[in-house]
Each structure stands twice: as structure tokens, then as C-alpha cells.
Amino acid sequence: MGYPTESIAKGVPFNPLFTFECGQAFRWKRLSQTSEDWLGIILGNLVRVKGDSLRVLGRAEQDASRTDAFDLRKYFSLEHDLDQILSSLPKDPFLISAVKEYYGLRILRQDPWECIISFLCSINCNIPSIKLKIENLCRRFGTRIESGVMDGEYYSFPEANSLAGAEKRELLSCKLGFRWKYVRYVSKKVAKGELKLGSLSRSSYHTACDELISEASDKTLGVGPKVADCVCLFSLGMLEAFPIDIWMIRCLMSQYRDLIGFCSKKVPNQLPPRRYQKWAEIMRSHFGSSAGYAQQYLYMKMRNSWRVHSK
DNA sequence: TCCCAGGTCCTAC
DNA sequence: GTAGGACCTGGG
């Protein structure tokens, strides 16, 4: 294949393991457990990241129209000055240890379309289960990518039109469960141009959230505050977004209880919308304009320490 | 067999 | 406005 090898992040802090396994993206696969060798698919391009070098191995034929938007510097958010961002965060002990432990985690700038569908798949699911659903969708509705180099089959993420036209039983066969109607509803909105994901990045964070959640007073089925925050943070470059999931609730309850001013000792497993907004706003003003970075480091710390703790 | 998972929606107060 | 339950399914 005649694609050049590029250096992804020479001199830039970048840890593929933390970046790809922190639950922001679901299609990166580690090829070797002993080295940093990863395979991912970005806008129909099969991409290999090995050490700090990056190589494009193949492209999906029918995705040619989208390759102009294929910008690896943008995808890996190389314009983010990680050291500057991390040093701008408040110095509380829990966050300091999270940053120390997971240094090199970068927030990616993914395709908003893939991002919104992925996080619809994430609703009430664990990560292996999310990956399975997305993989099923790609195999069923995506386009085969010919690499000629790698073993195995690789598929692009489906186009909005494909999912918008899918039948219920087809989506259910991808193991989407009750999420099938969310996926199809949003796909139709995007396919018809009623939800313009591309232009959202030019909006303010709050405008983008409103647009994603209420979408001109017509509720966007399946997109609540958490999914909207994930889209803002992981695909629109809005670093102030602070998604609050079950792990973040546990984190806030155990580490930032005074800040959120929540009296009950019982850790809730979900937040009513108003409380979600209140807590997210408090954390935004605490962590500042890069609150999303704090959230990701805290998320990693919380998940992994919980796992160790509960063994 | 039960419980849980990167939530959201609907119903009943 | 908000608490409580339902929702598909795979994995522990």
C-alpha cells in the first residue's frame, strides 16, 4: 500500500493504552499485549499506531467522499498542549494522582456521527457489550475495508443513510436491544439533515447540548445529558463538557462530596436531569475550561481503583 | 440465578 | 419536579 508512515506525536505526550481504553472510543484494538501496537478505523481508514508512528493501511472504497475530512492531527487533538491543560487543573490529591498515573491520555476528536451512535449504544451497557454492538453494526451496515496487509475483516462505520433505512429486526440482530429505536431515530434525523452534527462544533457548548438533547423542542430520542456531553467532549472539541456516568457519580460522592453539597450517604446510580446539570456545572466551575480532561483522568482512576478495591 | 453496566424514557404522585 | 421502574443483553 502506498500510504506513508507518519509520526503521530513526536515530542508530544501520548499514551495509546490510556487514550484508547478510557472509554471514549470503542473500535481500537491492541494487536500485541507486549507492545504499543494498535489498529483503529478513522472515517473508513484503517490505521495502525505503533509506538509513536502511525500508518494508514487501507481505505473503504465507498468512503472516498469522506477522506478529505480525514485529518489525523485533528483526530488525535495534537493541538492540545497536554502539559499546559493538566497544569491548569486544580491541585487536589485525588486528581493529582490520577494525572500522574494516566499521564499521556489524550481526548480524541472523533467523527460526531460515529460518536453519537456509539454513545447511544453505551446506554446501560458495559464496555465489552458496547464494543460488540458497534462491531455488529459495522459488519452489518458498514463497508469492507481492503487492507491487503492485515489478517481479518475490517469495516467502516455505517453511513447515516444505512442506519436510517434499517429495519427493526436488522438492528435487533446487531444486539442493540431497546436502543435500536434511538439509533434509528437519530440516524433519520442526521440523514434528513435535521440534526447537523458537523456544524455543532461552531456552537457554544451549551447551545450544542441543547441542540443535541432537545433538537428544536422536538426531543432527540435517546440523547440525554450524558450522551450529549460525551458527543461534545469526544467529538466536538468542547473540553468544558463533564459527562457524569455511574463512575463519575461514585467519584464525586467519594472525593468531591463537599463540593456537590449532597447529603445523602447512599450513592445514587443515576441523577435526575436537574441534579445532573447542577453537578456538572459545579464541576465545570471547579475544574475550569478543561473540565473534560479532569473527568477522563478521574474516570480512569475511579474505574481501576474500584476494580482493585472490589477484588 | 442474580446483579450490573460510560442512561433514558415513561408513569404516577 | 422527581422518584421508581422498565428496558435488551452479555458477562461476572
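A, B, ... follow the sequence lines: proteins, then strands. Residue 1 opens every chain.
With rounding to whole Å, A:Asn136 atom CG is found 13 Å from C:dC8 atom C1'. The nearest whole Å value for the distance from the CG atom in A:Leu172 to the P atom in C:dG10 is 12 Å. Between A:Ile127 atom CD1 and C:dG12 atom P there is a gap of 13 Å when expressed in whole angstrom units. Here B:dA5 presents its P atom at 8 Å from CG of A:Asn269, a figure rounded to the nearest Å. Between the CG atom of A:Leu132 and the C1' atom of B:dA5 there is a distance of 14 Å, rounded to whole Å. Put simply, CE on A:Met248 is 14 Å from P on B:dA5, counting in whole angstrom units. Look at CZ on A:Phe119: it is 11 Å from P on B:dT8, rounded to the nearest Å. Per the geometry, CD belonging to A:Gln277 stands 16 Å off P belonging to B:dG7, to the nearest Å.
If you check every strand for non-hydrogen atoms under 4.0 Å, A:Cys174 touches nothing. Looking at heavy-atom distances under 4.0 Å, A:Pro225 makes contact with sugar-phosphate atoms alone, never a base.
Using a cut-off of 4.0 Å between Lys/Arg side-chain N and Asp/Glu carboxylate O, A:Arg140 and A:Glu167 are scored as not salt-bridged. Looking at A:Glu211 and A:Lys196, no side-chain N of the basic residue comes within less than 4.0 Å of a carboxylate O on the acidic one, giving no salt bridge.
For an aromatic pair to be called close, the ring centres must be under 6.0 Å apart, and A:Tyr297 with A:Phe287 fails this. A centroid separation of 6.0 Å or more is found between the aromatic rings of A:Tyr299 and A:Phe242.
Distance check on atom C1': B:dG6 versus C:dT2 gives 23 Å, rounded to whole Å. Of the P atoms belonging to C:dG10 and B:dT8, the separation is 22 Å, rounded to the nearest Å.
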Where do N or O atoms of nucleotides 1-7 of chain C meet protein N or O atoms at under 3.5 Å, pair by pair?
none

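The side chain of A:Lys175 places an N or O atom within less than 4.0 Å of a non-bridging phosphate oxygen (OP1 or OP2) of C:dG10. A close approach under 4.0 Å does occur between a side-chain nitrogen or oxygen of A:Arg250 and OP1 or OP2 of B:dA5.
Both thresholds, 5.5 Å between centres and 30° between ring planes, are not jointly met by A:Trp247 relative to the base of B:dG6, so the two rings are not stacked.
A donor-acceptor pair shorter than 3.5 Å cannot be found between the side chains of A:His286 and A:Tyr256.
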**Message:** Could you walk me through whether A:Arg30 and A:Glu36 satisfy the side chain to side chain contact (heavy atoms under 4.5 Å, CB included) test, starting with their C-alpha distance in whole Å, then the side-chain angles of each, then the deciding distance to 0.1 Å, before giving a yes or no?
**Reply:** CA-CA 7 Å; A:Arg30 198 178 193 182; A:Glu36 292 296 3; 3.9 Å; yes

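Of the candidate nucleotides C:dC8, B:dC9, B:dG7, C:dC8 has the atom lying nearest to any side-chain atom of A:Arg179.
Look at C:dC8: it lacks any Watson-Crick or wobble partner with both distances under 3.5 angstrom.
The side-chain heavy atoms of A:Leu298 and A:Gln255, taken from C-beta on, include no pair separated by under 4.5 Å.
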